[in-house]
Every structure is written in structure tokens, then in C-alpha cells.
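Input: one structure, supplied below.
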Amino acid sequence: TLSHLKSDLEFDGQKLLFKHPKDGKLLQANFDHCFWSSDGFSTNEQGYHYPTEDRYADQTKVYSTLGVEMVNNVFNGEDATFITYGGTASGQFYTAVGRGSNRGLLPNCVEEVLRKINEEKSSNIVFKLYLSAYEIYCEKIIDLLDPQSKLSKNGLKLREEGGSTVVEGLKEVEITSLQDFNKYLEESRKNAISGKNMMNSETRRGHSIYVVKLEKSQREDNETKTTSSQMTFAVLTGPEKIAKSGGVQGDALKEITTIN
């Protein structure tokens, strides 16, 4: 995030022009998409941040730019992956998952998948939607849908299967409604390892991965063909400066070391 330099930023939706904080040299960074969220918004009674300037990107704009294609891909039998990465308070979890009325890319994609399931299902086509979620904390894998998982000394194990990496014993729950999803998402929040430092009153202490799997079974000529595709949302915690973390020591220092 470059929000601390916003007075020195020029932004046009695909590139950023900004001054180097030390020598004042003008630098340019180019992207497929740039989303501005530092200012240019107001908050309504429901707590949703809506734009008051054209450059402000609310959660709806992020979804329409990125999420629509992800949902279309998964319905076409293709996998899709979304990764957010950044240091404490840079907004990676807010972008992927959201907070309060400002729902992030993950819940917005799930809502659209459920809508399309209801639209496309028939007597010959059956869809099933599943969610799994885990966290990598201090090099240990914790199942975010199993509250007992973080009590395990060694965490879950990885194994190779058919050219893919599988988390052994990871809980997978079926999602039949948005209410189902919201319930499990809240459960994953409660089971995640969080803490606080000088930069943020609540911050994730590990990397979180959410996997939404869509299974489609279609019956043709007395045969049933089942295909599977998935959307993966990885919320990665970026490097953290020890000096900005409040003189941490012990387990907290270990956390920062493994994050970095």
C-alpha cells in the first residue's frame, strides 16, 4: 500500500506515479488494474463505504473488475486464484473477505455462484458447492473450520496427489445458501490466530487460504459426468518490521520471524 504517500501520488487506474520518499525521484508502477481506497468515499447508515469521487474503488467495483471473470471461469470448469499480499494494515484481508457491510471478493463471488447454481440447475444438472479454509501459522497448518485444529502440536500435513498438493484431514463443508456461507466464514474468523501491534488493533498472524469448490454432475445418455473446479483466495501476510510491532518478544517475535 502507498496510502501514506497519497499526497505525492498520481493515479489513473492502471499506473501509479509517485515520488521516492528519500530522494524525491519520480517513479512509475504499471498494473492491469489499480484500486484507490484511501479517500474519496463516505459511509452510509449500514456502514458501507460508497464513492464520492470517481477514483475510489468500493467492493462492488473490485468484484465487477475481478470477480465476475473468476465466477465465469469456475462455471466453465476452470480454476481461478486470487492472492492478496501486504504488511500489517495494508487491507489485504479487507479486500479478499471484507468487514461488516463492505463484503470482500470472496463472499461476493460465492453469492454469485449460488445465484448461477439456482439459475442453471435442472433435472439433468446437479451442482454442489463446498468450502474449506485453513491458516498457515508459524509453519503449522490449522483448519479454520475445526476449532480443535489449532490445539494440535504439529498441525495438518501435506501430501502430493495426482500432481496437486493436498492438505490431509482438512474439513470441507457443503454450502447450500448464503446463510451457510456466512456462518462458516464467521467460524473461520473466530478460529484464526489474531493479535495486535502498534500499527493495527487487530491483525491476522498467519496466511489464510479459502477454497470454494464447485462440482457439476450432468446426466446424458444414461451416464453421469462429474466435473470439479475451484476458486482459491489466498490472504498472505507480508513482511513486518519488528520496530513497528511494539518491542515484541517471545512467541510474538517468533510470529514475525516466520511471517517475514
Checklist entry - Do you see a donor-acceptor pair shorter than 3.5 Å between the side chains of Ser217 and Thr226? => result yes
Next on the checklist: With side-chain hydrogen bond (donor to acceptor under 3.5 Å, both in side chains) as the criterion, how do Thr43 and His49 come out once you've worked through the C-alpha distance, each side chain's angles and the decisive distance to 0.1 Å?
Outcome noted: CA-CA 4 Å; Thr43 305; His49 305 321; 2.9 Å; yes
Next on the checklist: Between Asp39 and Arg55 (salt bridge meaning N to carboxylate O under 4.0 Å), is one present in this structure?
Outcome noted: yes
Item to check | salt_bridge(Lys225, Glu223) N-O dist < 4.0 Å | outcome: no
Next on the checklist: For the backbone of Glu135 and the side chain of Ser208, can you confirm whether one donor and one acceptor N or O come within less than 3.5 Å of each other?
Outcome noted: no
Checklist entry - Met231 versus Phe82: any side-chain heavy-atom pair under 4.5 Å? => result no
Checklist entry - Are the charged groups of Lys213 and Glu172 less than 4.0 angstrom apart, N to O? => result yes
Checklist entry - Looking at Arg115 and Glu112, does any basic side-chain N land under 4.0 Å from a carboxylate oxygen? => result yes
Checklist entry - Can you name the nearest heavy-atom pair linking Leu16 to Phe31, along with the distance? => result CD1-CE1, 4.2 Å
Checklist entry - Does a donor on one side chain and an acceptor on the other come within less than 3.5 Å for Ser188 and Tyr210? => result yes
Checklist entry - If you take all heavy atoms of Glu187 and Pro147, which pair is closest and at what distance? => result OE2-CD, 4.3 Å
Next on the checklist: Would you say Tyr48 and Thr60 are linked by a side-chain donor-acceptor pair, where the criterion is simply a distance under 3.5 Å?
Outcome noted: yes
Checklist entry - What do you reckon, is CG of Asp221 surrounded by more than 12 foreign heavy atoms closer than 6.0 Å? => result no
Next on the checklist: Looking only at the side chains, is there a donor atom on one of Arg103 and Asn108 sitting less than 3.5 Å from an acceptor on the other?
Outcome noted: yes
Checklist outcome for this item: In terms of heavy-atom contacts, Leu178 and Leu114 come closest through N-CD1, 3.5 Å
